Amino acid sequence: MTRASDFGLIGLAVMGQNLVLNVESRGFQVSVYNRTPAVTDEFVAAHPGKRLVGTPTLEAFVQSLARPRKLMIMVKAGAAVDAVIEQLIPLLEPDDIVIDGGNSLYTDTERRDAWLTAQGLRFIGAGVSGGEEGARKGPAIMPGGPASTWGLMRPIFEAIAAKVDGEPCVMHIGPGGAGHYVKMIHNGIEYGDMQLICEAYAIFKAAGLSTDEMAAVFNRWNEGELQSYLIQITGKALEQRDTETGQPIVELILDQAGQKGTGQWTLLNAAENAVVISTINAAVEARVLSSQKALRVRASTQLQGPSPNISGVDRATLVNQVHEALYASKVVSYAQGLDLMRTMGEKKAWGLDLGGIAAIWRGGCIIRARFLNRITEAYRADPGLQHLMLAPFFVEVLNRAQQPWREVVALAVRHGIAVPAFGASLGYFDSLRSARLPANLLQAQRDFFGAHTYERVDKPAGQWFHTAWPEVIG
Ligand code: 2AM
C-alpha cells in the first residue's frame, strides 16, 4: 500500500462493487472490505490497475484510510448495519465519518446517528438511488447527517453522483435521518409512478392495443411532458419479446408484484403524521392485492362486473385522455409526497429544501424525469409554497387535465377496469378543491353518538356547540 485511501467501502455485493468502481473512476483511492474475504480478493483481482486496496480484516481496512476516515457501509439493511457499526466503533477515532449507504429505515438512522455521535464519531445516513447501474455510472445521493461532514464528503459525493445540466444530483439533505427519510419518500413516489403507468397499460390493453402499439405510445410520451426513466423503460419493456416463444415478454410475466417495504414505511409515516398520500397508498395496496393471485383468481369466478372490453373507443382520443390522466395523477402523487416531506421536515426541523430535493431527483434515480424541473421552479418561485397543486404551473396542468382525467376514470369504472391510483388521485383532487365537504354531516354523527361538539358556519370559529339529539332506541 503506497498511501492512505481517500474512501473505504464495506460490503461488496453488486451495489457496493459498483459504487467502489464509480468512486475509483473519479480519481480516488478506495479501500474495500467484505465479511467473506474471498469476495474482496476476487473483486480486487478482477480490476487490476485500479486504485483499489483490498483489506482482509476490518482492522486493516480502518488503518488503510486517511483521517478523518470516510467509510461507507453497503450491507443488507437492518441488523447487519448494526453488526458492522458495532465492530467498527472500537477501531475508529474521533471525527471519523461512517456512512450508511443502504436502504435503512430513517428511524434506524436516527438511532445510529445518536449512537455514533455519543462515541465522538460522525454518521451519515445516505439514500442512494439508481440501482446497480446508477451506483456504477452516477446515482442520486441523499445524504443526511451533521452539516460538518458535508464539506468533507462533498468532493466525493459530487464526483460520483449523476449530473443534470452540469449539476450533481446530491445535496446535504439535513441532519439525522433526513437523508434516508427523503429516500423513503422517493421510493413511495416511485411506487405511485409505476402503478399509474400500469393502470394506463391496463386501459390500453382493454382498448385492444397491441404491446407494440402501446410501446409506440410510451416512446412518444417519453419525448414530451411525461419524459421520464420509468416511461422510457416501460416502452422498452413492452417491445421486448420472449426469446423462447417470440411473445411479448410482458404478457408472459406473472402478475404478482413484490415489494421490499419502503412503500409500506411511507404509508406508516403518512398515517402517523395525518398526511394524505392516497396515490402512493393505492400503489402500495395494488401491489399487495396483486400478490394475492390465488384469491383474485377465485374471486374472478364469483364476483361479477362488466366486460373490460373498450375496443370500440376512438384510440387517438383515448391515448390523449390517458396521457392527461397519467400526468394529472402524477402531479397529485408528487404533491402528496412533498406534502408529507414538508410536514415531517417542519416537525423534525430538518430544514428540507423541497425544490433542491426535486432537482437532485432529476438524474440517477428511478423517478428521474423532466417535470421535476417544474417542481423545483415552483419552490424557487415560492419557497413557502404550501401545496404543489396550488403552484401556478400545476394549477394550469390540473385544470387542463381534469376533464379527460374524469373521462378515463369513468370509462374504467364503467367497464370494470381497476384503476385504484388514477381514482385515488382524482378523489384527492376533487376533495382538495371542495370548499365544502360533507364533513358537516360527519360532525353531526360524531356529536350525536359521542357529544364531540361542532363548530358552525354561521358562528365565529372556536365556538363549540352540542345538539340535544333525539334518543335512538335499538
Ligand atoms: P458477505 O459477502 O460476507 O455475505 C450483501 O449481503 C452484502 O452485505 C455482502 O457483501 C455481505 O457480505 C454483507 N453482509 C451481510 N450481513 C453482514 C454482516 N452481518 N456483517 C458484515 N457484512 C454483512
Side-chain angles (χ1 to χ4, degrees), residues 129-131 133-134 137-142 161-171 182-183 185-201 214-238 279-280 283 319-338 341 353-382 385 388-401 404-405 421-422 425:
S129 176
E133 198 192 338
K137 295 181 181 162
I141 312 174
M142 292 150 258
K163 311 284 182 307
V164 175
D165 301 334
E167 291 171 35
C169 293
V170 59
M171 66 184 285
V182 167
K183 173 64 182 1
I185 300 293
H186 163 283
N187 284 26
I189 289 174
E190 177 186 316
Y191 274 58
D193 273 350
M194 293 170 77
Q195 175 64 20
L196 291 169
I197 292 172
C198 290
E199 293 179 14
Y201 155 77
M214 291 186 223
V217 170
F218 283 106
N219 291 342
R220 185 156 52 76
W221 284 357
N222 196 42
E223 304 295 318
E225 289 169 309
L226 287 177
Q227 183 283 328
S228 63
Y229 172 70
L230 284 168
I231 292 282
Q232 185 189 11
I233 65 164
T234 300
K236 294 269 169 286
L238 287 163
T279 309
I280 297 169
V319 167
N320 288 335
Q321 288 172 334
V322 174
H323 177 280
E324 298 298 87
L326 182 51
Y327 191 16
S329 299
K330 187 177 160 91
V331 170
V332 169
S333 179
Y334 280 68
Q336 293 175 345
L338 286 158
M341 276 201 293
D353 168 8
L354 299 182
I357 290 167
I360 67 165
W361 285 348
R362 288 177 307 162
C365 63
I366 305 297
I367 64 169
R368 59 186 184 260
R370 179 178 294 167
F371 108 122
L372 287 161
N373 274 322
R374 306 285 89 78
I375 297 183
T376 304
E377 286 161 12
Y379 284 98
R380 293 281 180 268
D382 178 6
L385 183 65
L388 186 72
M389 285 163 68
L390 297 183
F393 177 84
F394 291 107
V395 167
E396 221 176 291
V397 168
L398 292 165
N399 287 344
R400 180 195 89 190
W405 188 12
F422 279 165
S425 309

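Just so it is clear, the model here is predicted, and its values are computed rather than measured.
Nearest heavy-atom pair, Ile360 versus Pro168, reported as atom, atom and distance to 0.1 Å: CG2-O, 4.3 Å. Closest approach of Ala359 and Thr376 over heavy atoms only: N-OG1, 3.3 Å. Scanning all heavy atoms of the two residues, the minimum distance from Gly337 to Ile189 falls at CA-CD1, 4.3 Å. Annotation for Ser329 and Phe422: closest pair OG-CD2, 3.3 Å, computed over non-hydrogen atoms. Considering all non-hydrogen atoms of both residues, Asn219 and Gly235 come closest at OD1-CA, 3.5 Å. The nearest pair of heavy atoms linking Tyr191 to Ala283 is O-CB, 3.4 Å.
Under a 3.5 Å cut-off, the side chain of Asn222 and the backbone N or O of Ser228 do form a donor-acceptor pair. No donor-acceptor distance shorter than 3.5 angstrom exists from the side chain of Gln195 to the backbone of Ala421, with no hydrogens or angles considered. Counting only distance, with no hydrogens or angles, the side chain of Glu324 and the backbone of Pro404 share no donor-acceptor pair below 3.5 Å. No donor-acceptor pair under 3.5 Å is formed between the side chain of Arg220 and the backbone N or O of Val217.
No side-chain heavy atom of Tyr379 sits under 4.5 Å from any side-chain heavy atom of Ile357. Residues Lys236 and Phe218 fail the side-chain proximity criterion, which asks for heavy atoms closer than 4.5 Å. Considering only heavy atoms from C-beta on, Ile375 comes within 4.5 Å of Phe394 through its side chain. Residues Tyr229 and Asp193 fail the side-chain proximity criterion, which asks for heavy atoms closer than 4.5 Å. The shortest distance between side-chain heavy atoms of Thr234 and Tyr201 does not fall below 4.5 Å. The closest side-chain heavy-atom distance from Val397 to Arg374 is not below 4.5 Å. Looking at Val164 and Cys169, their side chains come closer than 4.5 Å, going by heavy atoms from C-beta outward. The shortest distance between side-chain heavy atoms of Lys183 and Asn187 falls below 4.5 Å.
The CD1 atom of Ile366 sits 8.0 Å away from atom CE of Met194, with the distance rounded to the nearest 0.5 Å. We find the CG-CG distance between Leu230 and Leu196 to be 10.5 Å, quoted to the nearest 0.5 Å. In this structure, the separation between CG on Leu390 and CG on Asp382 is 10.0 Å, given to the nearest 0.5 Å. The distance from atom CD of Gln336 to atom OG1 of Thr279, rounded to the nearest 0.5 Å, is 4.0 Å. Between the CD1 atom in Ile367 and the NZ atom in Lys330 there is a gap of 7.5 Å [rounded to 0.5 Å]. Here the CD1-CE distance, from Ile141 to Met171, works out to 13.0 Å after rounding to the nearest 0.5 Å.
Salt-bridge check for Arg380 with Glu377: failed, with every basic side-chain N at 4.0 Å or more from each acidic carboxylate O. A salt bridge links Glu225 and Arg400; the closest N-O separation between the charged side-chain nitrogens and carboxylate oxygens is under 4.0 Å.
For Lys163, the NZ atom sits in a packed shell: over 12 heavy atoms of surrounding residues, nucleotides or ligands are nearer than 6.0 Å. For Gln227, the CD atom counts as densely surrounded, since its 6.0 Å shell holds more than 12 non-hydrogen atoms of other residues, nucleotides or ligands.
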Intermediate values then yes/no, side-chain contact (heavy atoms from CB on, under 4.5 Å), Leu326 and Ile231
CA-CA 11 Å; Leu326 182 51; Ile231 292 282; 4.1 Å; yes
Give the C-alpha distance, both sets of side-chain angles, the deciding distance and a yes or no for side-chain contact (heavy atoms from CB on, under 4.5 Å) between Ile197 and Trp221.
CA-CA 11 Å; Ile197 292 172; Trp221 284 357; over 6 Å; no
Please report the C-alpha distance between Val182 and Trp361 in whole Å, then the side-chain angles of each, then the deciding distance to 0.1 Å, and finally whether the side-chain contact (heavy atoms from CB on, under 4.5 Å) criterion is met.
CA-CA 10 Å; Val182 167; Trp361 285 348; 3.7 Å; yes
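Residues Tyr334 and Phe371 place their aromatic rings such that the two centres sit under 6.0 Å apart.
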